[in-house]
There are 2 protein chains.
Amino acid sequence: MNNEKDFSKILKEKGYKFTNQRQFVYDVVMENEGKHLNSQEIYELVREKYPEIGVATVYRTLALLEEVGMIYGVDFEDGYRRYEISKEDEEHRHHHLICLGCGTIREVEEDLLGSIEEIIFKNHNFKVKNHRVKFYGYCDKCLVKKFEL
Amino acid sequence: MNNEKDFSKILKEKGYKFTNQRQFVYDVVMENEGKHLNSQEIYELVREKYPEIGVATVYRTLALLEEVGMIYGVDFEDGYRRYEISKEDEEHRHHHLICLGCGTIREVEEDLLGSIEEIIFKNHNFKVKNHRVKFYGYCDKCLVKKFEL
DNA sequence: CTCCATGCAAACACTTTGCAATCCG
DNA sequence: CGGATTGCAAAGTGTTTGCATGGAG
């Protein structure tokens, strides 16, 4: 896994220096897996542990961590860039289920799109390397509410 | 289809006034189907025909047209909101093929996700109403280039 | 004639940049 | 020590808002 030793090592391998700020930013993203924090939220959380940090550093660090592939950005079209930890064993990114009722965002880890990518290659001569999929609908709780109405 | 008569009628049905500005904005989006214009580009194009128009009007009109369902916004995570004409006969939005080589964006009209939505309902109790799917990869031209290298 | 819609400019919100001070290696 | 990194504040960017004027119904 990505423990602190690896974190420092990965940075150095890519020619970047290890700093406390970078560690703190990475920690916050990792400790809040599944919450899809945006840059500002990450900034606030890092400041709790490291109050001197500046916004610019957080933005620069997030860009750097994305560049080295340790995190990646998702866009839920709410005006914020949100971040998740990369899991190296994921060939493709997981899918998001976004509830139109309560706004919850859940994740589906299964890769359901393999056969579709074959169809796209056959029919459109387009070789898919990755995909981003968002399903909008109603989660179990909101479905129940709808029936009750 | 959405000719000018219908345009005015749809607006009025929803309680909005018909104005030249709204017509021009809609025209530009429609005349550039498939180009995924962003708000600024739409503004520039409208100004060619209607130079007095202000940016604010364009933004307000795009929001309004989206609200009444005549257009909809897509986000390719390039910092711009881009717009497409809605086709009423599309139950689900089409998919986008985004080429990592040349940046071209093509569209796949087939709805390939029906069976996947069933799986999601069975396995996750989530009822999908719509989806947004982007495939990143290489288009035919860029595939050829890669082989030639 | 009554509001809704427009144009302008100023305000916003998120992000990026310039630069001197600081710190990693 | 030397260049990468930081913090601060100022500058950018795309978009939104306030308000007086203008136009649709």
Side-chain angles (χ1 to χ4, degrees), chain A residues 4-5 7-26 28-29 36-68 70-71 73-83, chain B residues 4-5 7-26 28-29 36-68 70-71 73-83:
Chain A
E4 304 199 358
K5 271 232 170 67
F7 178 77
S8 161
K9 213 170 69 183
I10 293 170
L11 285 186
K12 285 174 192 160
E13 278 168 5
K14 304 261 182 179
Y16 297 113
K17 291 183 177 171
F18 169 85
T19 66
N20 285 318
Q21 287 90 330
R22 288 175 178 173
Q23 179 74 62
F24 279 121
V25 170
Y26 183 70
V28 163
V29 180
H36 309 97
L37 299 181
N38 65 41
S39 317
Q40 303 277 342
E41 290 165 342
I42 295 169
Y43 171 59
E44 298 297 337
L45 287 173
V46 173
R47 269 213 301 189
E48 291 177 6
K49 297 176 179 173
Y50 197 100
E52 320 88 281
I53 202 165
V55 222
T57 304
V58 173
Y59 279 94
R60 283 188 282 232
T61 302
L62 290 170
L64 181 143
L65 295 180
E66 185 164 22
E67 194 237 292
V68 304
M70 299 174 80
I71 66 174
V74 215
D75 192 332
F76 294 119
E77 310 196 10
D78 60 353
Y80 302 90
R81 178 128 256 249
R82 299 178 172 279
Y83 290 93
Chain B
E4 304 199 357
K5 271 232 170 67
F7 178 76
S8 161
K9 211 170 72 183
I10 293 170
L11 285 186
K12 284 173 191 161
E13 276 169 5
K14 303 260 182 178
Y16 298 112
K17 290 182 178 170
F18 169 84
T19 66
N20 285 319
Q21 287 89 330
R22 289 175 178 172
Q23 179 73 62
F24 278 121
V25 169
Y26 183 70
V28 163
V29 180
H36 309 96
L37 299 180
N38 65 41
S39 318
Q40 304 277 342
E41 291 165 342
I42 294 167
Y43 170 58
E44 298 298 336
L45 287 173
V46 173
R47 268 213 301 189
E48 291 178 8
K49 297 177 182 172
Y50 195 101
E52 320 88 280
I53 201 165
V55 223
T57 304
V58 173
Y59 279 94
R60 282 188 282 232
T61 302
L62 290 170
L64 181 142
L65 295 179
E66 185 164 21
E67 195 238 290
V68 304
M70 300 174 79
I71 66 174
V74 214
D75 193 331
F76 294 120
E77 309 196 12
D78 60 352
Y80 302 90
R81 180 142 201 100
R82 299 177 172 278
Y83 290 93

Query raised in the report: Taking OP1 and OP2 of D/dT15, is either one under 4.0 Å from a side-chain nitrogen or oxygen of B/R81?
Result: no

**Report entry** B/T19 side chain near D/dG23 phosphate (N/O to OP1/OP2, under 4.0 Å)
**Finding:** no

Query raised in the report: What do the steps show when you test B/K14 against B/M70 for side-chain contact (heavy atoms from CB on, under 4.5 Å), and what is the final call?
Result: CA-CA 12 Å; B/K14 303 260 182 178; B/M70 300 174 79; over 6 Å; no

Report task. Have a look at A/Q21 and say if it touches a base, only the backbone sugar-phosphate, or nothing, with a 4.0 Å heavy-atom cut-off. Result -> sugar-phosphate

Query raised in the report: Do B/Q21 and B/Y50 meet the criterion of a side-chain donor-acceptor pair at a distance under 3.5 Å?
Result: yes

Requested in this report: Determine: side-chain N/O of A/Y80 to OP1/OP2 of C/dC14, distance under 4.0 Å, yes or no.
Outcome: yes

Report task. Estimate the overall bend of the helix from C/dC1-D/dG25 to C/dG25-D/dC1 from the end axes over five pairs each, rounded to 10 degrees. Result -> 40°

**Report entry** Whole-Å distance separating the CG atom of A/L62 from the P atom of C/dT15
**Finding:** 9 Å

Report task. For the side chain of A/K17, starting at C-beta, report the closest nucleotide among C/dC24, D/dT6, D/dG25. Result -> C/dC24

Query raised in the report: Which is true for A/Y43 with a 4.0 Å heavy-atom rule: it touches a base, it touches only sugar-phosphate, or it touches nothing?
Result: nothing

Requested in this report: Just call it for A/E52: base, sugar-phosphate, or nothing, with non-hydrogen atoms closer than 4.0 Å on any strand.
Outcome: sugar-phosphate

Query raised in the report: Starting at CZ of A/R22 and ending at C1' of D/dG7, how long is that distance when rounded to a whole Å?
Result: 14 Å

Requested in this report: For B/R60, report the nucleic acid contact type (base, sugar-phosphate, nothing); a contact means any heavy atom under 4.0 Å.
Outcome: base

